Amino acid sequence: MKLWAGRFAKETDNLVNDFHSSISFDQRLFREDIAGSLAHAAMLRRIGVLSEEEERLLCQGLEEILLDITEGRVTWADEAEDIHMNIEKLLTERIGDIGKKLHTGRSRNDQVALDLRLYLRREIDTIAGLLLVLTNSMLTLAERHTLTWMPGYTHLQKAQPVSFGHHLVAYTQMFSRDLDRLADTRRRLNVSPLGSGALAGTPYALDRAGVAEELGFAGVTLNSMDGVSDRDFAVEFIAAASLLMMHLSRLSEEIILWSTNEFGFITLDDAYATGSSIMPQKKNPDVAELVRGKTGRVYGNLVGLLTVMKGLPLAYNKDMQEDKESVFDTVDTLKKCLLVMSPMLETMTVNKEAMNQGARQGYTNATDLADYLVGKGIPFRNAHEIIGKLVLVCDQENRLLENLTLEELRQASPVFDWDIYEQISVEACVRKRNHVGGTGPEQVSRSIESTRMILEKMSKCFTGVNESC
Ligand code: ARG
């Protein structure tokens, strides 16, 4: 019999049972559901609603159920609808009528809101941990490549030389913002909705703050209707995850490009590439492609949840049961992608020579030639034009700017002198950009250091130690 069957004269149709049951997916909230129940039971005893003996039996029962679930000894009952009622049913089967007292002063509406917050808080900590590993390993890689020159691109056309280290540090900046967003989401979700009841609060003198503290929350929600109907934190999490996936996807796209025969900048380790069932020569960057592809499903989860929520009147509506699969799928996808990215990057071979060669092609030093003329007093716009004409000559004769003779250069502008050649080598172009945020090797080393410090500070936001986060 259903826990809510009192006012019903008829059994639920089997089709409906099947349709509204969520146990197939919300079973993963069992830890949080039991943690919330344990704290709730202890509080009910403190305020005199339960006797000490009742609390002891309830908690013992819940602990045993927790162990049995963890060890795979529990079979879920579809007709018990969801994780909350499944656990309550198990409890009552095991300890008898006392189990029926657990739900005093509580509704599944505040219960599910609590479970989801607890679940996301834990998963955000795990995800942040994985992201920290990835970001730190990229910083280590960047450190090794502050003197590895490669072409920087705009419009995917060669633009100016940079170091590979500089290019990698760019991604660590994105990841550090992602961490910041996760920390922010975590901070905002870390309030307890328990005590909101079904929607209007509860007539019992619940110790909301005590339960919140026991569960590691920084406070309690301040409006019971919002407490049960707010899913902003889930949307925020998927939004932060979407941005993170976007960054992983852009990195993946570059890995795919760099590993082509045309670029040849990197070679993926055999353990992180796959073959073709027909073409014997193939070595494909499937891992990077899949990360890029999975970004689509995370965006889908974001739009899905936003759409579920957009038309809902206050307070709880069953539509909100649809929040879980979006959240769970996002958590799973993100963790898988982060896990595979770090070793793929760590094991790839960086083909320095191909990168360096690439940096010399495509007139990547043209801006520096123009800047040279500016140094000799020529207005930038004129300098731009003069060098543009030299590029045209080189293009027609298939030469590089640094291979033009001084005589040829002087025909374009008489101010050219011998020192031009040392100023337009790839290395000189990179080294000259020696300011905060520039690609000059010293600056890249400094930005690696600063980023490490920022990461170190941010890592504390995810352990619950640093409450100022
Ligand atoms: N399984 C439900 C959900 O995920 C739990 C809350 C149900 N509340 C209710 N009043 N039907 O949203």
Side-chain angles (χ1 to χ4, degrees), residues 1-8 10-37 40 62 65 69 74 76-92 100 102-123 189 192-202 215 221 223-235 237-238 301 304-332:
M1 183 155 122
K2 292 209 157 50
L3 296 181
W4 42 250
R7 64 95 67 221
F8 287 79
K10 233 178 160 183
E11 291 279 309
T12 322
D13 190 281
N14 273 339
L15 265 178
V16 174
N17 267 335
D18 191 48
F19 184 65
H20 82 158
S21 168
S22 55
I23 187 64
S24 64
F25 52 87
D26 67 12
Q27 54 181 268
R28 78 157 85 183
L29 294 174
F30 73 88
R31 276 188 209 85
E32 288 72 25
D33 200 74
I34 291 177
S37 290
H40 184 65
L62 286 166
I65 292 170
I69 300 173
V74 163
W76 302 114
D78 230 2
E79 70 284 1
E81 219 175 294
D82 55 25
I83 184 66
H84 325 293
M85 293 203 292
N86 260 275
I87 288 176
E88 195 181 319
K89 180 172 168 283
L90 286 169
L91 189 64
T92 309
K100 298 182 180 171
L102 178 64
H103 213 49
T104 316
R106 191 173 71 169
S107 154
R108 273 186 298 152
N109 297 352
D110 55 358
Q111 193 177 355
V112 72
L114 174 90
D115 292 4
L116 201 56
R117 282 172 191 264
L118 285 174
Y119 167 82
L120 261 181
R121 190 177 70 187
R122 177 164 61 83
E123 291 296 356
L189 72 70
S192 171
L194 218 55
S196 300
L199 79 162
T202 158
L215 293 171
T221 53
N223 178 287
S224 63
M225 296 183 83
D226 183 51
V228 291
S229 66
D230 168 32
R231 292 294 182 273
D232 292 5
F233 61 94
V235 174
F237 165 70
I238 307 181
N301 292 335
L305 183 55
L306 283 168
T307 313
V308 164
M309 296 303 296
K310 76 177 268 289
L312 300 188
L314 296 186
Y316 176 83
N317 300 268
K318 186 79 168 203
D319 314 44
M320 288 156 74
Q321 180 166 287
E322 290 290 308
D323 59 1
K324 275 164 240 31
E325 283 160 297
S326 298
V327 167
F328 296 160
D329 184 71
T330 302
V331 165
D332 293 346

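Position 1 is the first residue of the sequence, and the numbers go up from there. In each ligand, atom 1 is the first atom listed, and ligand 1 is the first ligand listed. These numbers come from the heavy atoms of this one structure, side chains and all, not from hydrogens, waters or symmetry mates. These numbers were taken from a predicted model, which means no experiment stands behind them.
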message: Could you check whether atom NZ of Lys318 has more than 12 heavy atoms from other residues, nucleotides or ligands sitting under 6.0 Å from it?
response: yes
message: Could you tell me if Arg108 and Tyr316 have a donor-acceptor pair between their side chains, going purely by distance under 3.5 Å?
response: no
Atoms in ligand 1 flagged as close to Ser22, the criterion being non-hydrogen separation under 4.0 Å: 1 (N)
- prompt: At what distance is the nearest protein heavy atom to atom 5 (C) of ligand 1, and which residue and atom is it?
  reply: Asp82 OD2, 3.5 Å
query: Can you check whether Tyr316 has an N/O within less than 3.5 Å of an N/O in ligand 1?
result: yes
field: For atom 2 (C) of ligand 1, closest protein heavy-atom neighbour
entry: Gln321 OE1, 3.3 Å
query: Are the side chains of Ser37 and Arg106 in touch, meaning some heavy atoms are under 4.5 Å apart?
result: yes
- request: Grab the two heavy atoms, one from Phe328 and one from Phe25, that are nearest each other, plus how far apart they are.
  value: CE1-O, 3.2 Å
- prompt: If you measure every N/O of Lys318 against every N/O of ligand 1, is any gap under 3.5 Å?
  reply: no
- prompt: Given Ile23, Leu199, Asn109, which one has a non-hydrogen atom that is nearest to atom 10 (N) of ligand 1?
  reply: Asn109
query: So which heavy atom on Leu199 is nearest to which on Val228, and how close?
result: CA-CG2, 4.0 Å
task: Let me see the working for Lys324 and Leu29 under side-chain contact (heavy atoms from CB on, under 4.5 Å), right down to the final yes or no.
output: CA-CA 10 Å; Lys324 275 164 240 31; Leu29 294 174; 3.9 Å; yes
- prompt: Has ligand 1 got any nitrogen or oxygen that is less than 3.5 angstrom from a nitrogen or oxygen of Glu81?
  reply: no
task: For atom 4 (O) of ligand 1, find the nearest protein heavy atom and state the residue, atom name and distance (0.1 Å precision).
output: Lys324 NZ, 2.7 Å
- request: Decide whether the shortest distance between a heavy atom of Gln111 and an atom of ligand 1 is less than 4.0 Å.
  value: no
Trace of the side-chain contact (heavy atoms from CB on, under 4.5 Å) decision for Ser196 with Thr221: CA-CA 8 Å; Ser196 300; Thr221 53; 3.8 Å; yes
- prompt: Which heavy atom of the protein is the closest neighbour of atom 11 (N) of ligand 1, given with residue, atom name and distance?
  reply: Arg108 NH2, 3.5 Å
